[in-house]
Amino acid sequence: MTAETPRIALTVERLSIRFGGLTAVENMSFSVHEGEVVSLIGPNGAGKTSAFNAITGYLPAAAGDIAYRGKRLNGLKPNRIAELGVVRTFQKTSVFAGQTVIDNILIGLHLRSRQYPTAILLRFPFVAREEKELLEEAHEILRFVGINAPAAELASSLPYGELRLLEVAVALAARPTLLLLDEPVSGMNPTETANFMKTLTRIRARDITVLLVEHDMKIVMGVSDRVVCLNQGRIIAAGAPLEIQRDPDVIRAYLGERYARAQD
Amino acid sequence: MRRLATIAGLAFLFSIPLWLGNFYLLHVCIITGIFIIAAMSLNLLLGYTGQLSLGQAAFFGIGAYVSSLASLGFEVHLLPDWLVTVDPKPVWFGMACAVVVTGLCGWAIGRIAFKVRGAYFVIVTISFAEVVRLVALNWDELTQGPMALNNIPPLSLVIPGLLDITFIGKVANYYLVLVFAILSYGIIARLVRSRAGRAMIALKENEALAASVGIDVTKYLVLATVMSAAIAGAAGALYAHYVRIVDPNVFLFIYTVTMVIMVVAGGKGTLAGPVVGGVIFGLLPEGLRSLAIAPEVQWIVYGILMILVVYLLPQGIVPALRPFLQHRRHLDAQKQPPADIPASEAMS
Ligand SMILES: Nc1ncnc2c1ncn2[C@@H]1O[C@H](COP(=O)(O)OP(=O)(O)OP(=O)(O)O)[C@@H](O)[C@H]1O
Ligand SMILES: [Mg+2]
């Protein structure tokens, strides 16, 4: 531990999320420091995706506060939250399926681009220049996440592993300072998963703070600085990966259930 | 290669009045051209934002009425004892008014529809078209109702000492429509190949994902409705000053349907789609008529052809032809920047 206190990036305070009568998240509080990788774990239905949705403006919070770098996120639309640097991926595969790989990333570069309608219609010289830069940056992002498919391939025809990488590429194109990844390696084979862990390390080296939802414990334990464990909408433990691994509540609620299932 | 094809195509279009030698066929070309402009405007919404506007004829009709009324002048009681009199204005000014007013209508529709997508967007636009049609039909004092607006002046451009053209007659109107069509095509092409167009496509493809990367989808939907409505309004104004009579039938649903057929058959979401679909389905009725078959049979053939196109080429004609023509975007995408940057440094 260094003497200087790490700066807090994201704070979630007493967050509750409800669907009608069902409480998906109850009184959840945690924070993420700048540059950290924090994992949010918990069994199916624990409320991880719901928490992501509330943080990124896709779901209203029934109670509680969410703030990023001192700015309150409650009530902001997803696109406003993205402008503040908070960008998420989706648990269910989500790309612009009818577009090419490179066009997917070009769409993701929306916030990076400065063209406005008048400039576009009157073809101001900077528009063409910027288009060229955007195309180059898109290719750079493609290489950065390690997508091997041709840039001109339709997203819908990508193999599953590459599709998952493309989602991360699109999110990175929006230049996040806080990246929320919802089960990014689910459906990847072991090689792809191992490669993705390397990509995650490189993302981190870019000073991007990461909040990760993941069921794969090897990844969670391998990349996280801290782990927050949810069960039935409540935080039951939070701390360093090794502590969490040994926490009896966690073992019972999460690992226990999984291992029990694996034993059958 | 591509540029050559464009020049050849334009040269062909500009040469048509020189060799066609048949005024009736030229008239068909003009009307088809006007419909192609309207279809292009519909394509901006349907093909790029994915929202089906079934009120496109309303924008077209409003453009026709606004431009006609401004150039004819009118008197109307806004309150029982408040008479507003507008003197006749130059036609170019009326056309500009048409573009502005329809653009504003598009803005309003876009705002109203800010949360409604898909089927609800369709309903909002249909309702809008029906309301406008009823207004045109019943507000006799302004629109003459079913009596129609007659003697609409043709467009004339006068710059003292420099220019004095009146767009009367078929040849002049053909060129006028052609220039407007090229202009509209250019505007739409610039728009869709830019950040704005990508945002519209993102809305069509995956709205949640679009928002997650910071795209204000409502803003771009409104931009699309404004541009689409304004272009449709310009087409309506061209129509009014060419046929020189406008009645509430311009709002008929069948016109919107015709535009939809042109866009869907040609290929929605492609720049050339509405042009190709427009040429085929605009000229087809005349082609069938010239074969001198009974009108009922003509419409049956029209219908069967439409079903065949949609059934065999669900994406439309242009996307079906694309594999045979090398497509520019494809080449763009494959043009890789120098590959000697190590991946780890690529984003710094
Ligand atoms: N849109 C919704 N409407 C109603 N209930 C929902 C909705 N979304 C989630 N839920 C419920 O909220 C609870 C939390 O779901 P959530 O998707 O957040 O869990 P999760 O931790 O992401 O689970 P998983 O690991 O399966 O992805 C579950 O009981 C789920 O059924
Ligand atoms: Mg989930």
Side-chain angles (χ1 to χ4, degrees), chain A residues 56-58 77-83 87-90 94-104 106-111 113-117 119-123 127 130-131 134-137 139-146 150-153 167 170-175 202 205-206, chain B residues 47 50 114-115 183 186-220 222-224 226-227 269 315 319 327-348:
Chain A
T56 50
Y58 286 83
K77 287 197 283 178
N79 61 295
R80 285 283 303 131
I81 292 173
E83 280 175 32
V87 180
R88 56 92 55 90
T89 63
F90 295 83
S94 186
V95 293
F96 303 110
Q99 304 298 305
T100 62
V101 168
I102 201 76
D103 281 339
N104 267 266
L106 284 170
I107 294 173
L109 284 166
H110 184 82
L111 288 178
S113 171
R114 288 278 154 263
Q115 304 161 21
Y116 47 94
I120 292 164
L121 290 175
L122 299 180
R123 205 175 262 176
V127 175
E130 192 188 75
E131 283 294 305
L134 292 175
L135 192 62
E136 256 168 50
E137 281 171 42
H139 279 288
E140 283 166 11
I141 295 170
L142 210 57
R143 276 197 303 275
F144 179 80
V145 296
E153 185 105 344
E167 299 180 273
V170 171
L172 282 175
R175 303 194 153 182
R202 277 186 274 129
R206 298 256 106 87
Chain B
F114 81 109
K115 268 229 160 108
L183 217 66
I187 289 173
I188 294 172
R190 282 181 189 188
L191 210 55
V192 301
R193 287 186 186 140
S194 73
R195 174 187 193 231
R198 285 192 291 271
M200 292 172 194
I201 292 169
L203 161 64
K204 172 181 78 171
E205 291 263 349
N206 190 335
E207 187 171 347
L209 181 59
S212 82
V213 293
I215 298 174
D216 185 348
V217 280
T218 304
K219 178 174 150 188
Y220 289 94
V222 171
L223 177 66
V226 168
M227 296 302 296
Q315 298 301 313
H327 198 247
R328 210 180 65 112
R329 295 277 310 161
H330 245 64
L331 297 179
D332 271 358
Q334 257 145 6
K335 193 173 59 197
Q336 304 258 353
D340 53 8
I341 314 163
S344 54
E345 284 163 35
M347 265 182 72
S348 40

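A quick note: this is a predicted structure, and the numbers were derived from the prediction, not measured. Every chain is numbered from 1 and lettered A, B, ... according to where its sequence line falls, protein lines coming before strand lines.
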**Nearest heavy-atom neighbours spanning A:L111 and B:G214** = CD2-O, 3.7 Å
**Fill in**
Counting heavy-atom pairs under 4.5 Å with chain A, the top scorer among B:V217, B:I187, B:N206 is B:N206
**Contacts of B:Y220 that satisfy ring-ring contact (aromatic ring centres under 6.0 Å, His included) - sequence neighbours left out** = A:H110
**Item:** Structural part of B:A189 lying under 4.5 Å from a heavy atom of chain A
**Value:** neither
**Prompt:** Out of B:I201, B:D216, B:I215, which one racks up the most heavy-atom pairs below 4.5 Å with chain A?
**Reply:** B:I215
**Item:** Shortest non-hydrogen contact between A:I107 and B:A202, atoms and distance
**Value:** CG2-CB, 3.5 Å
**Prompt:** Where the side chain of B:R190 meets the backbone of A:L121, is there a donor-acceptor pair that is under 3.5 Å apart?
**Reply:** yes
**Region of A:E130 in contact with chain B, defined by heavy-atom distances below 4.5 Å** = neither
**Asked** Side chain, backbone, both or neither: which part of A:I81 has an atom under 4.5 Å from a heavy atom of chain B?
**Response** neither
**Request:** Name the member of A:V95, A:T56, A:V87 that forms the most heavy-atom pairs with chain B at distances under 4.5 Å.
**Result:** A:V95
**Message:** Has A:E167 got a side-chain atom pairing as donor or acceptor with A:S94's backbone, closer than 3.5 angstrom?
**Reply:** yes
**Message:** Going by the rule side-chain hydrogen bond (donor to acceptor under 3.5 Å, both in side chains), which residues pair with A:T89 if we only count those two or more places apart in sequence or in a different chain?
**Reply:** none
**Asked** Under a 4.0 Å N-O cut-off, is there an ion pair linking A:E83 with A:R80?
**Response** yes
**Prompt:** By a 4.5 Å heavy-atom criterion (distance strictly below it), what part of B:L191 contacts chain A: side chain, backbone, both, or neither?
**Reply:** both
**Asked** Under a 4.5 Å heavy-atom cutoff, which of B:A196, B:A199, B:A210 has the most pairs with chain A?
**Response** B:A210
**Complete:** Of A:P78, A:A82, A:S113, the largest count of non-hydrogen pairs under 4.5 angstrom with chain B goes to A:S113
**Request:** Please state whether the side chain, the backbone, both or neither of A:F96 comes within less than 4.5 Å of a heavy atom of chain B.
**Result:** both
